[in-house]
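See structure below.
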Amino acid sequence: LRSFMGLGEAALFVGAATLVADLSPPHRRAEAASYFSVAVYGGIGFGPTIGEWVLGDDRWTLTFLVASGFSALAALTVLGVPRRVDRSSVPAATGRKPPLFHRAALWPGVVLASGIAAFSVFAAFLPDYSRTVGLSGSAGLFLVYSAVSLTLRLFGAKLPERLGELRMVTIALASLATGLSLIAAVPEPWALWVGAAVVGFGMAFLYPSLMANVVNRVADDERASALSSFTMFFEFGSVVGGVMLGALGEVFTKRAGFLGGAVIALAGLYAMWLMVADSAAEAAVAGDGPDRALAPAVALDDA
């Protein structure tokens with residue numbers, strides 16, 4: 001049953017992300033992805049809170065019924081979603097069959113996975129580690145992280161287009177590494193509060209900028225394939241980060257795990273500048289401007 005749920009989650013996420021990209025003007029896709037991620041991370045943030053409140057001591061059946069009710073409500077909202085996208089103003093599709101794994105998603109996906117892997121140690125170790133430095137728990141820390149991240153996704157959604165995708169991902173990964181390094185280096189409550197805010201700042205800009213980078217470099221008929229390939233790296237980063245950094249924390253200390261997460265974030269930063277091309281720069285070279293065409297993406301994919 002859990003595997004069956006995984007199929008539904010994958011279809012929902014890829015379908016929604018593809019539709020968001022379809023409905024967005026080419027020069028505002030990172031902004032749209034930022035708004036979209038508010039819904040994703042908002043659900044992840046509020047879901048456990050509602051679940052614990054309904055569960056109480058042992059109301060398991062009621063909890064799963066309420067979760068099913070939320071799924072049914074989500075299904076009903078689909079009735080208000082556009083069934084198709086008018087693509088009359090964009091270049092015609094190439095006629096090629098979309099690949100099972102899209103190469104345009106590979107290196108942006110690796111960079112995303114590095115950020116998710118680094119964040120996984122923050123999420124996994126913080127509850128226990130916070131008590132060792134004198135805090136009563138980590139709920140407030142996660143609240144600070146969520147508040148910073150969601151606020152920036154809402155009110156800073158236009159920054160990736162203004163400053164550039166790669167520049168925003170650089171800020172994101174550098175912030176993530178800085179926050180984790182601070183938590184690892186200073187075992188004091190204030191360091192955890194500041195570190196949580198800095199990590200939230202970094203995670204706010206990681207996914208939207210990378211998603212826009214992928215979408216802007218593929219043809220319309222390959223968009224779903226590219227986004228499916230790209231979002232797969234969420235799970236890849238979670239698994240790799242959980243296993244590697246979890247083992248590091250068990251063998252050494254949780255502080256070593258936080259430091260390992262910072263190193264992985266910096267490795268992702270290096271990989272980005274070495275391997276990821278800026279889609280805006282490609283469009284500028286091709287002379288497409290803000291309403292960029294897809295010729296550069298097709299050329300890159302055929303190289």
Stepwise side chain to side chain contact (heavy atoms under 4.5 Å, CB included) test for Y145 and F119: CA-CA 11 Å; Y145 156 78; F119 176 75; 3.5 Å; yes
ILVMFWY cluster, L166 and Y270 together (side-chain gap under 4.5 Å): yes
Minimum-distance pair of heavy atoms, taken over all atoms of M203 and S149: C-OG, 4.1 Å
Side chain proximity check, P108 to M211, heavy atoms < 4.5 angstrom: no
Common cluster, I264/F252, ILVMFWY with side-chain heavy-atom separation under 4.5 Å: yes
Close side-chain approach of F233 and V111, heavy atoms under 4.5 Å: no
Interatomic distance, L227 atom CG to L19 atom CG [nearest 0.5 angstrom]: 11.0 Å
With T231 via side chain to side chain donor-acceptor pair (under 3.5 Å) - residues at least two apart: none
Pair W190-L182, side chain to side chain contact (heavy atoms under 4.5 Å, CB included): steps then yes or no: CA-CA 10 Å; W190 70 265; L182 177 62; 4.2 Å; yes
Interatomic distance, L7 atom CG to L12 atom CG [nearest 0.5 angstrom]: 12.5 Å
Derivation and outcome, side chain to side chain contact (heavy atoms under 4.5 Å, CB included), residues L192 and V133: CA-CA 9 Å; L192 267 65; V133 300; 3.8 Å; yes
Shortest non-hydrogen separation from V218 to A104 and the atoms involved: CG1-CB, 3.6 Å
Student check: side-chain heavy atoms of L173 and S114 closer than 4.5 Å: yes
Side-chain (N213) to main-chain (S209) donor-acceptor, under 3.5 angstrom: no
Ring pair (Phe, Tyr, Trp, His ring centres under 6.0 Å) evaluation trace for F205 with F201: CA-CA 7 Å; F205 299 114; F201 182 89; 5.6 Å; yes
Same apolar cluster: M232 and V110, side chain cutoff 4.5 Å: yes
Side chains of V169 and L269 in contact at under 4.5 Å (non-hydrogen atoms): no
For L176 against A118, the heavy-atom pair lying closest together: CD2-CB, 3.7 Å
Which atom of G200 lies closest to which atom of V148, heavy atoms considered: C-CG1, 3.8 Å
SB check R2 E9 (cutoff 4.0 Å): yes
Side chains of Y35 and R153 in contact at under 4.5 Å (non-hydrogen atoms): no
More than 12 heavy atoms from other groups under 6.0 Å of CE on M244: no
Any side-chain heavy-atom pair of L135 and W193 under 4.5 Å: yes
L266 with L259, same ILVMFWY side-chain cluster at under 4.5 Å: no
Interatomic distance, R162 atom CZ to R167 atom CZ [nearest 0.5 angstrom]: 14.0 Å
Single-linkage hydrophobic cluster, 4.5 Å side-chain cutoff, M275 and I116 together: yes
Within 6.0 angstrom of F236 CZ, more than 12 heavy atoms from elsewhere: no
Pair up each side-chain donor or acceptor in residues 121-132 with any protein partner under 3.5 Å, not counting sequence neighbours, and list the distances.
from: S130; atom 1: OG; to: L126; atom 2: O; distance (Å): 3.1
from: S130; atom 1: OG; to: P127; atom 2: O; distance (Å): 2.9
from: R131; atom 1: NH1; to: P127; atom 2: O; distance (Å): 2.8
from: T132; atom 1: OG1; to: Y129; atom 2: O; distance (Å): 2.6

Exercise: identify the closest heavy-atom pair between S225 and H102: OG-CB, 3.9 Å
Side-chain donor/acceptor pairs under 3.5 Å, residues 71-78, sequence neighbours excluded:
from: S71; atom 1: OG; to: A67; atom 2: O; distance (Å): 3.3
from: T77; atom 1: OG1; to: A74; atom 2: O; distance (Å): 2.5

Flag, side chain of R59 to backbone of V54, donor-acceptor distance under 3.5 Å: yes
L154 CG to E31 CD distance, which is reported to the nearest 0.5 Å: 11.0 Å
Closest non-hydrogen atom pair, S175 against V198: O-CG1, 3.1 Å
V66/F70 under side chain to side chain contact (heavy atoms under 4.5 Å, CB included): CA gap, chis, key distance, verdict: CA-CA 6 Å; V66 170; F70 274 108; 3.7 Å; yes
